[in-house]
Amino acid sequence: MAAEWHAFTGCELRYVRGPIALAGMVSAYGGQRLLVLEDGDSAKSPWINLEAMRVSGFVDMRDEPRRNPTGFQTLVRLPGTTPMQFVVEVHPPQEPCPAR
């Protein structure tokens with residue numbers, strides 16, 4: 001997922017939106033401190049500032065592709081004994097990256 005993000009921007013990824021099983025797994029085990037907007041529902045994740053998320057950009061994860069995506073979507077397949085696939089939709093930052 002991070003590779004898909006960095007294909008579009010050099011900015012730090014801070015936000016991920018999606019089902020808790022996907023987005024939460026990436027946040028917990030991905031080695032980054034990502035804020036998760038669970039199911040795209042701000043009531044489930046009231047600590048997320050939606051405007052800051054939009055401006056900073058985010059990755060949307062889901063099980064199936066959208067017909068009319070609002071970002072750049074890619075199907076990611078994970079090999080293994082139980083192969084898994086999911087869709088990553090990148091919403092690039094709306095402003096230049098802040099200096100680190």
Side-chain angles (χ1 to χ4, degrees):
M1 182 201 64
E4 302 302 327
W5 172 259
H6 290 296
F8 292 97
T9 180
C11 294
E12 176 184 11
L13 176 59
R14 297 178 52 215
Y15 298 96
V16 61
R17 175 175 74 183
I20 197 63
L22 287 175
M25 178 177 56
V26 168
S27 177
Y29 299 108
Q32 299 177 12
R33 294 186 54 98
L34 300 175
L35 296 171
V36 176
L37 180 60
E38 184 179 345
D39 298 325
D41 184 349
S42 60
K44 292 181 179 180
S45 308
W47 53 87
I48 302 289
N49 179 319
L50 296 177
E51 179 61 14
M53 184 173 124
R54 185 191 67 75
V55 170
S56 296
F58 60 96
V59 169
D60 191 5
M61 300 179 71
R62 61 186 170 282
D63 298 323
E64 298 292 328
R66 284 194 182 137
R67 280 201 170 151
N68 300 310
T70 55
F72 308 99
Q73 67 179 3
T74 302
L75 181 65
V76 176
R77 290 188 172 98
L78 300 177
T81 55
T82 307
M84 180 180 168
Q85 70 180 31
F86 55 89
V87 175
V88 171
E89 186 174 309
V90 175
H91 297 263
Q94 302 298 305
E95 295 182 355
C97 302
R100 291 191 201 186

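Heads up: numbering here begins at 1 and tracks the sequence. Atoms considered below: every heavy atom in the structure, side chains included; atoms not considered: hydrogens, waters and symmetry mates.
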Exercise. Are I20 and L13 linked, directly or through other ILVMFWY residues, by side chains that come within less than 4.5 angstrom of each other?
Worked result: yes
Exercise. Between atom CG of L37 and atom CG of L50, what is the distance when rounded to the nearest 0.5 Å?
Worked result: 6.0 Å
Problem set entry | Minimal non-hydrogen separation, F8 against P92, with atom names | CB-CG, 4.5 Å
Exercise. Roughly how far, to the nearest 0.5 Å, is the CG atom of L35 from the CZ atom of R14?
Worked result: 6.5 Å
Problem set entry | Short side-chain to backbone donor-acceptor contact, W5 and H91, under 3.5 Å | no
For this session: To the nearest 0.5 angstrom, please state how far the CG atom of N49 sits from the OG atom of S56.
Result: 8.5 Å
Exercise. Would M61 and E89 count as a side-chain contact (heavy atoms from CB on, under 4.5 Å) if you check the C-alpha gap in whole Å, the side-chain angles of each, and the deciding distance to 0.1 Å?
Worked result: CA-CA 6 Å; M61 300 179 71; E89 186 174 309; over 6 Å; no
Exercise. Which atom pair, heavy atoms only, marks the closest approach of S27 to V36?
Worked result: CB-CG2, 3.5 Å
For this session: Would you name the heavy atoms of D39 and K44 that are closest together and state the gap between them?
Result: OD2-NZ, 2.6 Å
Exercise. Any sub-3.5 Å donor-acceptor pair from T9's side-chain atoms to C11's backbone N or O?
Worked result: yes
Problem set entry | More than 12 heavy atoms of other groups within 6.0 Å of R62 CZ | yes
Exercise. For the side chain of D41 and the backbone of A43, is there at least one donor-acceptor N/O pair under 3.5 Å apart?
Worked result: yes
Problem set entry | V59 vs Y15, side-chain contact (heavy atoms from CB on, under 4.5 Å): CA-CA, chis, key distance, verdict | CA-CA 7 Å; V59 169; Y15 298 96; over 6 Å; no
Seminar exercise, completed: The reported gap from CG in L34 to CD in E12 (rounded to nearest 0.5 angstrom) is 8.5 Å
For this session: Provide the closest heavy-atom pair for G10 versus C97 in the form atom of the first, atom of the second, distance.
Result: C-SG, 4.0 Å
Exercise. Is there a side-chain contact between V88 and D60, using heavy atoms and a 4.5 Å cut-off?
Worked result: no
